[in-house]
Amino acid sequence: MTDAFDAHRVHAMFAAAAEAMLASIDRLTEADQKVGDGDHGIGMKRGFTAALDWLNKTETVLPADVFKGVGNAVMAQTGGASGAIFGTLFRAGAGVLGDADRLDAERFAAFLE
């Protein structure tokens, strides 16, 4: 097993994250009802459903393509500040990765910075 993820593994990572997010919609809504207007779960559902739809119909060659596609889907469909924050975060990953064929620890750390 390698410590670096190729595009296929990055794709699978984002699909698993999107599915986990969608499984948490009620929890996100309940938390937001306590501190906000209660619509966070709705936005996350729209954004991560769009991300999962994009992942399910897209074959990617580079890890950066996955980050960019997920970021674009989330940004376009989530709405509000969350859409901009998550979308920008994931799209920034594409910029860090560039044309690298693997997501390794060094590139992941650069993405998180």
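As a basis for the values below, the full set of heavy atoms in this structure was taken, side chains included, without hydrogen atoms, waters or symmetry mates. Remember, it's a predicted structure, so these values are computed and weren't measured experimentally.
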Looking at every non-hydrogen atom in both residues, tell me the closest pair between [X] and [Y] and how far apart they are.
X: Val74; Y: Gly87; answer: CG1-N, 4.0 Å
X: Arg107; Y: Ala100; answer: NE-CB, 3.3 Å
X: Gln77; Y: Ala50; answer: CG-CB, 3.5 Å
X: Ser82; Y: Met44; answer: CB-CE, 3.5 Å
X: Gly98; Y: Ala64; answer: O-CB, 3.2 Å

[atom1] of [X] to [atom2] of [Y]: how many Å apart, nearest 0.5 Å?
X: Thr49; Y: Met21; atom1: OG1; atom2: CE; value: 11.0 Å
X: Ser24; Y: Glu30; atom1: OG; atom2: CD; value: 11.0 Å
X: Leu103; Y: Phe108; atom1: CG; atom2: CZ; value: 6.5 Å

Task: Atom CG of Asp99 with >12 non-hydrogen neighbours under 6.0 angstrom - done: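 Count not over threshold, so no.
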- [ ] Spell out, yes or no, whether Ile25 and Val35 are grouped together once hydrophobic residues are joined by side-chain heavy atoms under 4.5 Å, including indirect joins.
- [x] no
Open item on the list: If hydrophobic clusters are built by linking Ile, Leu, Val, Met, Phe, Trp and Tyr wherever their side-chain heavy atoms come under 4.5 Å apart, do Leu52 and Val66 end up in the same one?
Closed with: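 As far as the 4.5 Å side-chain criterion goes, Val66 and Leu52 are connected within one cluster.
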Please check: side-chain N/O of [X] versus main-chain N/O of [Y], any donor-acceptor pairing under 3.5 Å?
X: His11; Y: Leu55; answer: yes
X: Asp32; Y: Leu28; answer: no
X: Arg46; Y: Thr78; answer: yes
X: Asp65; Y: Leu62; answer: yes
X: Asp39; Y: Ile42; answer: no

Should [X] and [Y] count as side-chain neighbours, where that means a heavy-atom distance under 4.5 Å?
X: Leu89; Y: Phe111; answer: yes
X: Phe14; Y: Phe67; answer: yes
X: Phe90; Y: Lys68; answer: no
X: Pro63; Y: Arg102; answer: no

- [ ] Report the residues that fulfil side-chain hydrogen bond (donor to acceptor under 3.5 Å, both in side chains) with Asp101, sequence neighbours left out, ordered by chain and then residue number.
- [x]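 Residues passing side-chain hydrogen bond (donor to acceptor under 3.5 Å, both in side chains) with Asp101: none at all.
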Task: salt bridge (Lys or Arg N to Asp or Glu O under 4.0 Å) between Asp6 and Arg9, worked out - done: CA-CA 5 Å; Asp6 62 9; Arg9 288 183 73 192; 5.5 Å; no
Task: Thr29 vs His40, side chain to side chain donor-acceptor pair (under 3.5 Å): CA-CA, chis, key distance, verdict - done: CA-CA 6 Å; Thr29 299; His40 186 63; over 6 Å; no
